[in-house]
Enquirer: 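The following block contains the structure, expressed as C-alpha cells.
The shown structure was predicted, so the numbers you read here are calculated from the model rather than taken from an experiment. Throughout, residue positions are numbered sequentially from 1 according to the sequence presented.
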Amino acid sequence: MKSAVRNTLSRLIGAVLAAAPIISALPSCESIYDDLPPCDHGVSLRFVYDYNMEYADAFPSKVDCLTLLVYDADGRYVGTYTETGEALRREGYRMKLDLEPGVYRFVAYGGMACEKASFGFVQEPAEGSQMSDLRTALDADCLSDDDRRNLHPLYWGALTLPTGDLYNEGVVRMMKDTNNIRIVLQQMSGDKVDVDDFDFEITDDNTLFGADNLTIPCGEVLYRPWARGQTSMGITDGGREVVAAFAELSVSRLMTGNAPRLVVRRRADGRNIIDLPLNNCLMMLKSELYADMPPQEFLDRQSEWSVVFFLSGDMSWIKTVIKINDWTVRINDSEL
C-alpha cells in the first residue's frame with residue numbers, strides 16, 4: 001500500500017515538473033514576445049459630477065456630450081477624444097484609451113461638443129500645441145441681443161494619471177461652469193408687477209478660461225435675460241392674485257476674485273432700482289450648514305439661483321429683505 005502511494009506521488013510530481021516549462025511560456029503583460037500581439041495598455045477613465053450641493057453624481061443625467069484632451073507629462077498635445085452618444089447615459093460609462101506607456105494629463109469638457117454648445121476653443125488643440133496654450137471662450141453670439149439664449153451647460157474636469165497594462169483606471173471629477181439666475185420682483189401690497197416696466201442685466205468679466213478653469217481677464221460683458229414674464233405668487237386673503245415679474249439670466253462661472261453686478265432698471269425714468277454686487281448677494285444664501293465651505297466652492301456647487309426682491313408702491317426696492325432660493329435674508333446697506 002505504501003509503495004502504491006509513493007508511486008502516485010512520484011507521478012504527480014513528475015507531471016507538475018513537466019508542465020512547468022509550458023506554464024512559463026504562456027504570454028503575459030510583463031514579458032515581450034515578437035510573435036504575440038502586445039497587451040492592452042492605456043487608461044480607463046470614469047467621469048463624475050458630484051461637485052454640487054447634493055454631493056451626488058449627476059454626470060449621466062446632466063452631461064450630454066464629452067470632449068477629452070490628452071497631453072503628455074510635459075504638457076505637449078497628444079490627441080482629442082469625443083463622445084456624443086447615449087453611452088454617456090450609462091452609469092458605468094468608461095472611456096478607454098490606448099496610449100504609449102507614460103504619465104498623461106487629461107482635460108475634460110462636458111457640453112462643448114454638442115450642437116447647441118455655448119463655449120468653444122479659441123484655437124483647436126493640434127500637434128505642437130501646449131497645454132498652457134489651451135483657451136476656451138463663451139461664443140460671442142450668446143451675448144448678442146439677436147440671439148440671446150440660455151447658455152448650454154459647460155462642465156470641466158482634469159486628471160493626471162500614468163498608463164498601465166490592461167488599462168489603469170482613473171476618475172475625472174467635473175464641475176459646472178454655468179449658472180442660471182432667476183430674478184423675481186414682487187410688490188409688497190400685492191399689486192401686479194409688469195415685467196415690461198423693467199430691464200435686467202448682469203455685468204462680469206468671466207468669458208475666457210485657461211486649462212486650469214480659471215478665468216482670464218478679457219473685458220466686461222453684459223448678460224441680459226434669456227427668459228422673462230409674469231408669475232403668480234399666490235392669492236391674498238381678499239382673494240386677489242399676486243402677480244410678480246421675473247427674468248432669468250444665464251451667466252458663466254462666478255469667481256470670488258471678480259466683481260459681477262446685478263442691475264434692475266425702471267424703464268419709466270431710467271433709474272436703477274437695484275444695483276448690487278452679485279457675489280455678495282448670492283453668498284447671503286450660504287447657510288451655517290456650510291460654514292466650513294470656502295466661498296468659491298459654494299459658488300461653484302450652487303449653480304441655480306432664485307432671488308426675490310420686494311418692491312414698494314412706487315416700484316422701488318425695499319432694501320430690508322431678499323429671498324434667495326428658499327432662504328429669506330434680512331439685510332442692511334452695510335451687508336452689501
Side-chain angles (χ1 to χ4, degrees), residues 43-69 81-97 106-114 116-119 136 150-161 167-182 206 209 212-215 226-227 248-256 278-279 281-308 323-329:
V43 297
S44 176
L45 301 179
R46 178 189 175 204
F47 300 85
V48 172
Y49 168 52
D50 59 4
Y51 201 69
N52 48 55
M53 295 305 292
E54 291 75 31
Y55 292 81
D57 182 19
F59 182 88
S61 60
K62 295 293 186 180
V63 180
D64 50 357
C65 59
L66 182 66
T67 303
L68 182 72
L69 304 180
Y81 301 83
T82 59
E83 176 61 68
T84 59
E86 287 298 316
L88 294 175
R89 303 297 183 195
R90 297 199 303 265
E91 293 287 345
Y93 171 74
R94 300 289 189 278
M95 181 181 281
K96 285 188 176 182
L97 305 179
F106 304 95
V107 183
Y109 295 95
M112 192 180 291
C114 303
K116 297 181 179 180
S118 298
F119 290 79
T136 58
N150 185 19
L151 299 183
H152 192 80
L154 178 70
Y155 300 83
W156 171 92
L159 177 69
T160 299
L161 186 71
Y167 304 105
N168 193 19
E169 295 186 352
V171 177
V172 181
R173 297 198 171 274
M174 311 288 284
M175 62 180 295
K176 191 177 182 183
D177 276 348
T178 47
N179 298 265
N180 191 72
I181 302 173
R182 180 179 173 93
N206 63 343
F209 294 87
D212 56 5
N213 204 39
L214 297 179
T215 55
W226 64 272
E248 296 198 36
L249 299 91
S250 185
V251 303
S252 182
R253 187 183 181 194
L254 297 170
M255 303 291 295
T256 56
L278 180 62
N279 286 350
C281 179
L282 299 181
M283 286 301 299
M284 289 191 297
L285 169 65
K286 187 169 177 281
S287 164
E288 287 304 304
L289 294 172
Y290 314 113
D292 296 331
M293 183 182 292
Q296 186 61 59
E297 179 178 348
F298 180 73
L299 290 175
D300 289 332
R301 284 183 178 271
Q302 182 74 56
S303 62
E304 296 182 2
W305 313 82
S306 181
V307 186
V308 181
K323 188 171 182 179
I324 307 175
N325 288 8
D326 293 328
W327 298 78
T328 299
V329 184

Enquirer: Within the distance-only criterion (no hydrogens, no angle test), does the side chain of Gln296 pair as donor or acceptor with the backbone N or O of Leu254 below 3.5 angstrom?
Expert: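 Confirmed, Gln296 side chain pairs with Leu254 backbone.
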Enquirer: Is the closest side-chain heavy-atom distance between Glu83 and Cys65 below 4.5 Å?
Expert: no
Enquirer: Could you pull out the closest heavy-atom pair between Ala117 and Gly111, with the gap in Å?
Expert: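 Scanning both residues, the minimum pair turns out to be CB-O, 3.3 Å.
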Enquirer: Sequence neighbours left out, what passes ring-ring contact (aromatic ring centres under 6.0 Å, His included) with Phe119? Give chain and number order.
Expert: none
Enquirer: Nearest 0.5 Å please: distance from the CD1 atom of Ile181 over to the OG atom of Ser303.
Expert: 10.0 Å
Enquirer: Output, in order, the C-alpha distance, side-chain angles, deciding distance and verdict of side-chain contact (heavy atoms from CB on, under 4.5 Å) for Arg301 and Met293.
Expert: CA-CA 10 Å; Arg301 284 183 178 271; Met293 183 182 292; 3.8 Å; yes
Enquirer: If only atom types and distance count, is the side chain of Asp50 paired as donor or acceptor with the main-chain N or O of Tyr55 below 3.5 Å?
Expert: no
Enquirer: When you compare the side chain of Ser118 with that of Thr178, does any pair of heavy atoms fall below 4.5 Å?
Expert: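 Contact flag for Thr178/Ser118 side chains = no.
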Enquirer: With sequence neighbours left out, what residues match Arg94 under salt bridge (Lys or Arg N to Asp or Glu O under 4.0 Å)?
Expert: none
Enquirer: Could you walk me through whether Phe298 and Met283 pass the side-chain contact (heavy atoms from CB on, under 4.5 Å) test, one step at a time?
Expert: CA-CA 8 Å; Phe298 180 73; Met283 286 301 299; 3.6 Å; yes
Enquirer: Check whether Ser44 reaches the backbone of Asn168 with its side chain - one donor and one acceptor, N or O, closer than 3.5 Å.
Expert: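 Checking the backbone N and O of Asn168 against the side chain of Ser44, no donor-acceptor pair under 3.5 Å is found.
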Enquirer: Among Leu278, Val251, Leu285, Leu249, which residue satisfies the side-chain contact (heavy atoms from CB on, under 4.5 Å) criterion with Trp305?
Expert: Leu285
Enquirer: Taking everything shown except Glu297 itself, do over 12 heavy atoms lie less than 6.0 Å from its CD?
Expert: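 Buried by this count: over 12 neighbours within 6.0 Å.
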Enquirer: Backbone N or O of Ala56 within a donor-acceptor pair of the Asn52 side chain at under 3.5 Å?
Expert: yes
Enquirer: Run Asp300 and Arg253 through salt bridge (Lys or Arg N to Asp or Glu O under 4.0 Å) and show every step you take.
Expert: CA-CA 7 Å; Asp300 289 332; Arg253 187 183 181 194; 2.8 Å; yes
Enquirer: Taking Glu248 for the side chain and Ser250 for the main chain, is one N or O donor matched with an acceptor at less than 3.5 Å?
Expert: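 Between the backbone of Ser250 and the side chain of Glu248 there is no qualifying donor-acceptor contact (under 3.5 Å).
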Enquirer: To the nearest 0.5 Å, tell me how far Leu88 CG sits from Ser61 OG.
Expert: 11.5 Å
Enquirer: For side-chain contact (heavy atoms from CB on, under 4.5 Å), just list the numbers for Lys96 and Val43, CA-CA rounded to whole Å, side-chain angles, deciding distance to a tenth of an Å, and then say yes or no.
Expert: CA-CA 6 Å; Lys96 285 188 176 182; Val43 297; over 6 Å; no
Enquirer: Is the distance between the ring centroids of Tyr155 and Tyr109 under 6.0 Å?
Expert: no
Enquirer: Look only at the side chain of Glu304 and the backbone of Ser306, and say whether a donor-acceptor pair between them is shorter than 3.5 Å.
Expert: no
Enquirer: Rounded to the nearest 0.5 Å, how far does CG of Leu282 lie from CG of Asn179?
Expert: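 So the CG of Asn179 and the CG of Leu282 are separated by 8.0 Å.
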Enquirer: Asn150 versus Asn180: any side-chain heavy-atom pair under 4.5 Å?
Expert: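 Sidechains of Asn180 and Asn150: in contact.
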Enquirer: What pairs meet the salt bridge (charged side-chain N to carboxylate O under 4.0 Å, His left out) rule with one or both residues in residues 51-66, with sequence neighbours excluded?
Expert: Arg46-Asp57
Enquirer: Are side-chain heavy atoms of Leu66 and Thr84 found at a separation under 4.5 Å?
Expert: no
Enquirer: Are any non-hydrogen side-chain atoms of Val172 and Leu161 less than 4.5 angstrom apart?
Expert: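 Not in contact.
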Enquirer: Going through the checks in order, is the side-chain contact (heavy atoms from CB on, under 4.5 Å) test met by Leu97 and Phe106?
Expert: CA-CA 11 Å; Leu97 305 179; Phe106 304 95; 4.0 Å; yes
Enquirer: Do Leu68 and Met95 make a side-chain contact, defined as non-hydrogen atoms from C-beta onward lying under 4.5 Å apart?
Expert: yes
Enquirer: Would you say the side chain of Asp177 lies within less than 4.5 Å of the side chain of Asn213, judging by non-hydrogen atoms?
Expert: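 Of all side-chain heavy-atom pairs linking Asp177 with Asn213, at least one is under 4.5 Å.
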Enquirer: What orientation do Phe59 and Phe47 show, parallel under 30°, tilted 30 to 60°, or perpendicular over 60°?
Expert: parallel
Enquirer: Decide yes or no for Lys176 and Tyr49: does some side-chain heavy atom of the first lie under 4.5 Å from some side-chain heavy atom of the second?
Expert: yes
Enquirer: Can you tell me how far apart OG1 (Thr136) and CG (Leu69) are? Round to the nearest 0.5 Å.
Expert: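 Interatomic distance, Thr136 OG1 to Leu69 CG, rounded to 0.5 Å: 10.0 Å.
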Enquirer: What heavy-atom pair brings Thr67 and Ala113 nearest, and what distance separates the two atoms?
Expert: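 Shortest heavy-atom separation between Thr67 and Ala113 comes out as OG1-CB, 3.4 Å.
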